[in-house]
Number of protein chains: 2
Amino acid sequence: MLAAMTDRDGRLAIGELAARSGLAPSALRYYEEMGLIHSERTTGNQRRYPRTALRRVAFVRAAQVVGLSLEEARAALDRLPVDRAPGAAEWNAVARTWQRRIDARIGELERLRERLTGCIGCGCLSLRKCGLYNPGDVAGSQGPGARYLEGDPLPEA
Amino acid sequence: MLAAMTDRDGRLAIGELAARSGLAPSALRYYEEMGLIHSERTTGNQRRYPRTALRRVAFVRAAQVVGLSLEEARAALDRLPVDRAPGAAEWNAVARTWQRRIDARIGELERLRERLTGCIGCGCLSLRKCGLYNPGDVAGSQGPGARYLEGDPLPEA
DNA sequence: GCTTGACCTCAAGCCGACTTGAGATTGCAG
DNA sequence: CTGCAATCTCAAGTCGGCTTGAGGTCAAGC
């Protein structure tokens, strides 16, 4: 094996894309099923990914860090060119959306930390004094867990 | 109904606790099953929660915002007194752990935002230039999704 | 040409944090 | 005392993001 599983057109077999992206082949098949990446097939029905798939996968991972679901990542990807690097304008639109999410989440965390700091030493955890127990103020009161940056409509109130 | 479903000892029926905590009764039963809160039973087998349950539930919600799983929240709760407000020392230990997590996550997000800012206008998304595509640098490369603050061992490297 | 590892499809399983539904019981207001 | 909302238990379902397994095919190095 010379250039691993990369053919002369530079197209990647799934194992190669897996190795380069750090994802399992099963995950890549899943991403493809979700429409995040696309492949052509060999005569023998094996996937061959264009090199842009590498970029798209990286994009998806970054999106996940920002807190996007795969569905949201797909929506964002759909607005970027499939087979070439995005232009500045295209990229800016996406990047700005991400920045807003990041900023929002950072702000949320900072407020929580502040409340926490106020608590340290107060020995409180009494329902009336402690900001932590101020319901409706606790970010994400709509539902817990994985919804950190998911851009659920920030509570109007 | 005067004081809703709160009996004279101040103990709360599940519906009352649900209303006051903002959680569904099913969630509270689940929390109880997980050992996060505890109840006594009436002769008719209905749950009656001590008022401290309110505090414990609030604690759990806050923990979730910080990114803890219910299991981790339980571990933290187990180190706090079950039936009285925690003392300053007890609380400090927990709060400091949380703050570390929050700081770590904020740092992560800030680094991501910085990379993103560097990208805006560069129109890159080329694999070599763009920091976003620097694999192993993208926080959470170990696995995506809901693992934001989960305190998975931050990559040593 | 053969062997072996990479690949294929499809269905099912897993995790966390709950929700939903069925069917039975309880408990408070009138 | 009655009626009806609230509660009970237990099993199963949901969602996102994958992984695992079974059973079968493909392709490359010797």
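Model, not experiment: these values are computed from the prediction. Lettering of chains follows the sequences in order, A, B, ..., and the numbering in each one begins at 1.
Look at B/R41 and you'll find a side-chain N or O under 4.0 angstrom from OP1 or OP2 of D/dT9. Within the 4.0 Å cut-off from OP1 or OP2 of C/dT26, not a single side-chain nitrogen or oxygen of B/T42 is found. Between B/Y31 and C/dC18 there is a side-chain N or O to OP1 or OP2 distance below 4.0 Å. For C/dC28, neither phosphate oxygen OP1 nor OP2 lies less than 4.0 angstrom from any side-chain nitrogen or oxygen of B/Q46. At least one side-chain nitrogen or oxygen of A/R47 sits closer than 4.0 Å to the OP1 or OP2 atom of C/dC8.
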Set out, in order, the CA-CA distance, both residues' side-chain angles and the distance that settles salt bridge (charged side-chain N to carboxylate O under 4.0 Å, His left out) for A/R20 and A/E16, then state yes or no. CA-CA 6 Å; A/R20 297 212 185 190; A/E16 182 67 4; 2.9 Å; yes
Report the C-alpha separation of B/L109 and A/R105 in whole Å, then their side-chain angles, then the decisive distance to 0.1 Å, and conclude whether the side chain to side chain contact (heavy atoms under 4.5 Å, CB included) test is met. CA-CA 8 Å; B/L109 287 174; A/R105 178 58 183 161; 3.5 Å; yes
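Comparing C/dC8, C/dC18, D/dT19 by their closest approach to the side chain of A/R29 singles out C/dC8. In this structure, the nucleotide among C/dT20, D/dC18, D/dG17 sitting nearest to the side chain of A/R61 is D/dC18. The side chain of A/T43 lies closest to D/dA27 when the candidates are D/dA27, C/dC18, C/dT9. For B/I14, whose side chain is taken as the heavy atoms from C-beta onward, the closest listed nucleotide among D/dC8, D/dT19, C/dT20 is D/dC8. Side chain of B/Y30, nearest nucleotide from C/dC18, D/dG17, C/dC8: C/dC18.
Residues B/I37 and B/L28 share a closest heavy-atom pair of CD1-O, 3.6 Å.
Distance CD (A/E71) to C1' (D/dC18): 16 Å, rounded to an integer number of Å. The CZ atom of A/R11 sits 15 Å away from the C1' atom of C/dC7 (whole-angstrom rounding). Here D/dT19 presents its C1' atom at 13 Å from CG of A/L23, a figure rounded to the nearest Å. The CD-P distance, from A/E33 to D/dC18, rounds to 12 Å in whole Å. Taking atom CG of B/L68 as the reference point, atom P of C/dA17 lies 10 Å away to the nearest angstrom. Between the CG atom of A/L12 and the P atom of C/dA6 there is a distance of 16 Å, given to the nearest Å. Remark: P of D/dT7 and CG of B/L28 are 10 Å apart, rounded to the nearest angstrom. Following rounding to the nearest Å, B/R74 (CZ) and C/dA17 (C1') show an atom-to-atom distance of 15 Å.
No option in A/R74, A/H38, A/R61 other than A/H38 meets the side chain to side chain contact (heavy atoms under 4.5 Å, CB included) test with A/R56.
No hydrogens or angles considered: a donor-acceptor pair under 3.5 Å links the side chains of A/Y49 and A/E32.
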